[in-house]
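Dumping the structure here so I can ask a few things about it.
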There are 2 protein chains.
Amino acid sequence: MAELTPVPDYDDALRSACSKCNLRELCLPSGLSNEELDQLDSLIRVRRFYRKGEHAYRAGDPFDSLYAVRAGFFKTNLLNEDGRDQVTGFHMAGELMGLDGISTDQHPCDAVALEDSELCVIPFSRLEELSREAPSLQRHLHKIMSREIVSDQSVMMLLGSMRAEERLAAFLLNLSQRMTARGYSPSEFYLRMTREEIGSYLGLKLETVSRVFSRFQNEALIAVQQKHIRILDIPKLRTIVGQSC
Amino acid sequence: MAELTPVPDYDDALRSACSKCNLRELCLPSGLSNEELDQLDSLIRVRRFYRKGEHAYRAGDPFDSLYAVRAGFFKTNLLNEDGRDQVTGFHMAGELMGLDGISTDQHPCDAVALEDSELCVIPFSRLEELSREAPSLQRHLHKIMSREIVSDQSVMMLLGSMRAEERLAAFLLNLSQRMTARGYSPSEFYLRMTREEIGSYLGLKLETVSRVFSRFQNEALIAVQQKHIRILDIPKLRTIVGQSC
DNA sequence: AAACTTGCTTGACAAGCATCAAATAGGGTG
DNA sequence: CACCCTATTTGATGCTTGTCAAGCAAGTTT
């Protein structure tokens, strides 16, 4: 039978290659040479599709791969021993998930698709091997990990020192900026997460999230209808974030 | 003159070597072979002393080294554009500071000695070189970075979902556990930081910190006199942390 | 199309923490 | 030793956000 197995679809293989991926400047390949890109291609062979609600991994699963979002939208959430459930991040195309699993060889959190999505699976030991041979890949991996630390720390600042309106303004501006970086409209998009998930991420209750959205709408800062958001006044949102100066 | 320069103090060199350091099981060298340890020794040649209040680095300084706390106690704090000041961590012997600087080649935060302290300076490019040759060092560095991500995320959970009493109970238990790992008493120590710094780290005002300490003292959970803390009832503190189950 | 489910909005009220203010304790210095 | 400065404690009050509850909107199933 083996001899009769059809060769892999060439077009498909091309499209799945980092070197041809339109996210390559945002994702792991950013800044690599052509030769290094080819090596990355040989490493990342598996893509997986997830329907809305499916888990990419769960807390406690053994860690052996990182996951790059190729399409769609994910949340990661930490489930405490005492039943507390905290959303630790939202992840869109070009972003890496799973770095938090390296430390204990187990994923500490769940990763859940918030819409139909697609991930590239990056075997971590092979990535380490490759980064031993390619210093610029090594440095890039370190930068990505460091960027995650920095971004977690800025969430700490948000949670530790901002009021509800400031948190939500910062959240909307952050989403807007990430949409822009991906070539989408900075001012109009669909929220893929519920009010409760936003609240969990921002340390607020869902009713507070809803109320602040309504207040922003009354002040003509945004137009919101369910999950559809239009941002009408970015400068004013910025002043709200930097308010308690 | 050069010929008359005295040879470095041998005892001192030994004591400064990772291979002879009594923190080696907590710090970067943990889990390395003897050969790898020798290579680390050749890399880490500079120790620096800091008086209470001195900065190891400041936000905006160029990043080129990591710093391992050899003795003493540090805080790191982020200074926002709008003047907000958030303590992002407290760092004791054996812990690494500066990982957040890799991403932009600049330190995003200040590192300040909270008592007279000593740091080992670890040139990061040389550490990367070495970790290309020593896979177990490479993996260990990745684990340390990942551990930082995990610990920042658990602070996010603390700030996002715990009330003042729970935050302070978690804070005290965390300090106690880190003291234990270093061979100190788990139940009696001096706080090196002010109430305001604790509050900043935990997203509370200093008055709230003080009030909760007083409440804990009235309930015989701790005995506190200024910076001197004795933890009297660890089990009960644990139940407070896991309360909103 | 009706019933159901899930997510969102809004109101009334309460709890928790912040703010403002004043008093106290310690540590360091002349 | 007296003084000063900073850190801490404690009280009174008010704001922000959480809690509880009810109704609404939109999508899904029967």
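Just so you know, these numbers come straight off a predicted model, no measurement behind them. We name chains A, B, ... by the order of the sequence lines, and we start the count at 1 in each one.
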Counting any heavy atom closer than 4.0 Å, what does B/Ser210 reach on the DNA or RNA strands: base, sugar-phosphate only, or nothing?
base
Between D/dA7 (P) and B/Phe213 (CZ): distance, integer Å:
16 Å
Is there a side-chain contact between A/Arg211 and the phosphate of C/dT10, meaning an N or O under 4.0 Å from OP1 or OP2?
no
Using whole Å, what does the distance between atom P of nucleotide D/dT8 and atom CD1 of B/Ile229 come to?
11 Å
Length of the line joining B/Met193:CE and D/dT6:C1', which is rounded to integer Å:
18 Å
Considering just the side-chain nitrogens and oxygens of A/Lys227, establish if one lies under 4.0 Å of OP1 or OP2 belonging to C/dC8.
yes
Rounded off to whole Å, could you give me the CZ-to-C1' distance for the B/Phe216 and D/dT9 pair?
16 Å
Base, sugar-phosphate, or nothing for B/Gly203, non-hydrogen atoms under 4.0 angstrom?
sugar-phosphate
Salt bridge between B/Arg51 and B/Asp116, side-chain N to carboxylate O under 4.0 Å?
yes
Kindly say if B/Ser214 contacts the phosphate of D/dT10, meaning a side-chain N or O under 4.0 Å from OP1 or OP2.
yes
Comparing B/Gln225 with A/Gln225, nearest DNA chain D nucleotide closer to 5' gives the residue B/Gln225
Quick one: which of B/Phe74, B/Phe124, B/Tyr57, B/Tyr50 gives a ring-ring contact (aromatic ring centres under 6.0 Å, His included) with B/Tyr67?
B/Tyr57
Taking the side chain as everything from C-beta on, heavy atoms only, tell me whether A/Gln153 gets closer than 4.5 Å to B/Glu148.
yes
Heavy atoms under 4.0 Å, any strand shown: does A/Leu206 hit a base, just sugar-phosphate, or nothing?
base
Is B/Thr208 close enough to C/dA18 that one of its side-chain N or O atoms is under 4.0 Å from OP1 or OP2 there?
yes
Closest to the side chain of B/Glu207, out of C/dT10, C/dC20, C/dC8, is C/dC20
Got A/Thr194 and A/Lys227 here, is their nearest side-chain heavy-atom distance under 4.5 Å?
yes
Between A/Arg147 and A/Glu95, does any side-chain N to carboxylate O distance fall below 4.0 Å?
no
The side chain of B/Thr194 lies closest to which of these nucleotides: D/dG18, C/dA18, D/dA7?
D/dA7
How many whole angstroms separate atom NZ of B/Lys205 from atom C1' of C/dA21?
16 Å
Counting only side-chain heavy atoms from C-beta out, which of C/dT10, C/dC17, D/dT16 sits nearest to B/Ala164?
C/dC17
Between D/dT8, C/dA12, D/dT16, spot the one nearest the side chain of B/Gln226, thanks.
D/dT8
Check whether any side-chain N or O of B/Arg195 sits under 4.0 Å from OP1 or OP2 of D/dT9, and answer yes or no.
yes
